[in-house]
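Below: one structure, written as structure tokens.
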Amino acid sequence: MDAVNPATGERIATYEADSQADVEAALARADDAFEAWRERPLREREELLAVAGDVLRENEREYARLMTEEMGKPISQAVSEVEKCAWVCDHYAEHASAYLQPEGHPSPPGADVQTVYEPLGPVLAVMPWNFPFWQVFRFAAPYLTAGNVGLLKHASNVPGCARAIADVFEEAGYPDGVFQTLLVGSDAVDDVLADDRVRAATLTGSGPAGRAVASTAGQELKKTVLELGGSDPFVVLDDADLDEAAETGAWARNLNGGQSCIAAKRFVVHADVYDEFVERFVDEVDSLTVGDPTDEETEVGPQASADLLADLHEQVRASVEAGATVLTGGEPMDREGAFYPPTVLADVPEGCPADSEELFGPVAAVFEVDDEAEAVEKANDTAFGLGASVWTADRERGRRVARDIDAGCTYVNQLVKSDPRVPFGGVGVSGYGRELSEPGIKEFVNRKTLWVE
Ligand code: NDP
């Protein structure tokens with residue numbers, strides 16, 4: 001497996017992929033490890049997780065550099081990502097026991113009835129490259145602490161990150177087999193998932209990958225959690241603070257080079273403030289610093305690979321051909337590496353890629369609507385349903401509009417973000433299940449009824 005630096009196109013390293021025998025050995029280790037791990041007191045599992053958080057903090061720069069080299073994330077955002085991973089470790093180290101506390105039920109006389117939460121076993125995690133550390137810790141912190149063991153199949157373009165994450169758990173003192181990385185391509189996933197020792201799967205990535213994993217898991221009757229991207233609306237109402245909305249909107253679209261499932265993608269703007277908002281928004285987008293991702297000042301780095309850039313540009317090209325107007329950007333940058341400029345499209349026709357597909361890069365589509373009802377209608381005019389952001393000076397109005405938007409996470413006067421304290425996930429083709437917070441740790445447990453007389 002080759003790791004290629006998307007800022008230069010150079011190959012950084014080549015990793016030997018795991019053989020079938022390696023995968024079999026990993027499955028056997030996971031199975032063995034589970035028996036002992038599930039018996040470890042929860043308190044001890046929490047303590048180990050807290051150590052994993054310390055390991056992340058101690059090696060923050062090294063892990064951040066690895067992400068920047070392998071997928072082009074600006075270094076300052078890579079450092080923040082490692083810190084966020086340490087935060088999710090701290091969070092579950094502190095709260096797992098409370099989240100997994102047995103729950104009592106009204107019981108008949110003489111009986112004591114509870115739900116207790118027990119781990120399922122080895123969980124396969126198929127993860128993407130866009131937040132190569134965060135996506136993994138988002139599943140590993142809760143699921144391991146609940147007593148499951150983890151098998152990571154990371155995206156093929158971030159093998160160094162995949163290895164480094166396994167090292168974090170080893171360095172923290174996790175027993176052998178509790179967390180393992182499988183360096184395999186997507187063609188190996190079906191067999192691993194079909195193996196009897198694997199009990200469940202979680203996938204973050206594209207719709208096709210999610211459907212493939214869900215269909216095998218369905219065949220095998222194994223539980224899945226899917227987080228499959230979105231086309232989040234960013235709704236600007238006529239009473240919004242336009243400066244703040246424009247500044248936050250530019251960031252919400254272009255953070256991580258625009259390669260985020262919860263990035264603001266469709267800007268739905270009330271006609272009374274449309275011109276004013278668009279002018280400020282384009283100014284904000286143009287002011288972002290694009291360039292070398294190793295530079296601390298860089299805000300937008302390259303796309304994660306030349307192929308992904310080509311796919312994105314094809315979506316822009318098709319949208320423009322269908323009638324969209326380019327307000328800024330719109331062509332790959334004339335420089336070494338997979339750089340695409342922050343771009344804004346207006347007059348976006350219904351049904352073109354910028355309207356109906358996920359644009360996984362720094363390209364915003366703006367839409368003008370006549371009133372609040374039309375704003376809600378446009379926000380909901382998508383098969384996705386991950387996040388949404390609503391901007392208004394009136395909090396109650398914001399609450400009402402946010403309630404009317406079909407999405408897993410809605411924010412008023414704030415960009416959509418994932419936070420260990422708050423459940424995260426989507427509806428529609430954005431997937432199902434919830435990660436983080438209490439629902440996150442309860443996704444892969446046996447909610448066992450215990451009736452004692
Ligand atoms: P993929 O969904 O292809 O990759 C994500 C993970 O799924 C990788 O580990 C990949 O492995 C694996 N995978 C891919 N196909 C299958 C399959 N048939 N069965 C099992 N596992 C599979 O994303 P891409 O990197 O190709 O990006 C394409 C698009 O997906 C993006 O443009 C974006 O729209 C969306 N995406 C959404 C993300 C999100 O956060 N929700 C994250 C990444 C992408 P391998 O790398 O070996 O192919």
Side-chain angles (χ1 to χ4, degrees), residues 1-4 6 15 17-18 70-73 81 124-136 138-139 151-159 161-162 165 181-194 198 201-219 224-232 255-263 265 303-316 338 340 353-354 356-363 382-387 408-409 416-418 424-426 428-433 435:
M1 282 184 178
D2 288 333
V4 175
Y15 294 78
D18 285 339
E70 288 195 334
M71 51 68 67
K73 189 183 300 279
E81 182 168 336
L124 173 66
V126 181
M127 290 290 133
W129 43 265
N130 59 337
F131 291 91
F133 269 64
W134 169 245
Q135 310 274 28
V136 175
R138 192 169 70 185
F139 95 80
L151 289 160
L152 168 66
K153 179 267 175 279
H154 217 326
S156 296
N157 57 335
V158 288
C161 291
I165 291 166
T181 282
L182 306 175
L183 277 192
V184 292
S186 54
D187 53 350
V189 168
D190 266 358
D191 284 350
V192 174
L193 186 50
V198 172
T202 177
L203 177 140
T204 300
S206 64
R211 286 172 202 271
V213 163
S215 115
T216 306
Q219 202 60 37
T224 48
V225 167
L226 300 179
E227 203 273 87
L228 305 178
S231 186
D232 287 5
L255 183 76
N256 204 39
Q259 304 160 114
S260 168
C261 46
I262 47 169
K265 289 169 187 146
Q303 299 301 282
S305 75
D307 288 349
L308 287 158
L309 179 142
D311 291 347
L312 176 71
H313 186 53
E314 179 48 33
Q315 290 173 305
V316 171
Y340 205 84
S356 60
E357 298 176 9
E358 177 174 37
L359 264 55
F360 216 61
V363 181
T382 173
F384 292 102
L386 190 54
C409 329
V416 180
K417 49 186 169 183
S418 59
F424 179 83
V429 302
S430 291
Y432 50 75
E435 298 191 275

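Read the numbers this way: they start at 1 and go in the same order the structure lists the ligands and their atoms. Worth saying up front: this structure is predicted, and the values here are computed from it rather than measured.
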Just verifying a value: how many Å separate [X] [atom1] and [Y] [atom2], rounded to the nearest 0.5 Å?
X	Y	atom1	atom2	value
Thr181	Asp18	OG1	CG	9.0 Å
Phe424	Arg138	CZ	CZ	5.0 Å
Leu152	Leu183	CG	CG	8.5 Å

Report task. Determine whether Thr204 and Phe131 make a side-chain contact, defined as any pair of heavy atoms from C-beta on separated by less than 4.5 Å. Result -> no
Protein residue, atom and distance nearest to [atom], heavy-atom basis:
atom	value
atom 15 (N) of ligand 1	Ala209 CB, 3.6 Å
atom 43 (C) of ligand 1	Pro128 CB, 3.5 Å
atom 34 (O) of ligand 1	Glu358 OE1, 2.9 Å
atom 3 (O) of ligand 1	Ser206 OG, 3.7 Å
atom 16 (C) of ligand 1	Ser186 CB, 3.5 Å
atom 44 (C) of ligand 1	Phe360 CE2, 3.8 Å
atom 39 (C) of ligand 1	Cys261 CB, 3.7 Å

Backbone N/O of [Y] and side chain of [X]: donor-acceptor pair under 3.5 Å:
X	Y	value
Glu357	Gln315	no
His154	Pro132	yes
Gln135	Asn130	no
Gln259	Ala304	yes
Lys265	Gly230	yes
Thr224	Thr202	no
Gln303	Leu308	no

Query - Shortest heavy-atom approach to atom 10 (C) of ligand 1 - which of Gln303, Met1, Lys153 - result: Lys153
**Report entry** Per atom 19 (N) of ligand 1, closest listed option by heavy atom (Ala212, Ala17, Ala155, Gly230)
**Finding:** Ala212
Counting from 1, what ligand 1 atoms have a heavy atom of [X] closer than 4.0 Å?
X	result
Val126	6 (C), 7 (O), 9 (O), 12 (C), 21 (N)
Asn130	40 (O), 42 (C)
His154	9 (O)
Gln135	40 (O)
Leu228	41 (N)
Val189	20 (C), 21 (N)
Glu227	41 (N)
Val213	20 (C)

Query raised in the report: How are the rings of Phe360 and Trp129 set to each other: parallel, tilted or perpendicular (split at 30° and 60°)?
Result: perpendicular
Side chain, backbone, both or neither: the part of [X] lying under 4.0 Å from ligand 1 by heavy atom:
X	result
Asn157	neither
Trp129	side chain
Ser156	both

Report task. Take atom 26 (O) of ligand 1 and look for protein heavy atoms under 4.0 Å from it; say yes if you find one, no if not. Result -> no
Query raised in the report: Considering distance alone, does some N or O of Met127 sit under 3.5 Å from an N or O of ligand 1?
Result: yes
Query raised in the report: Based purely on interatomic distance, does Gly229 place a nitrogen or oxygen under 3.5 Å from a nitrogen or oxygen of ligand 1?
Result: yes
Report task. Would you indicate whether Gln219, at its atom CD, is surrounded by more than 12 heavy atoms from other residues, nucleotides or ligands within a distance under 6.0 Å? Result -> no
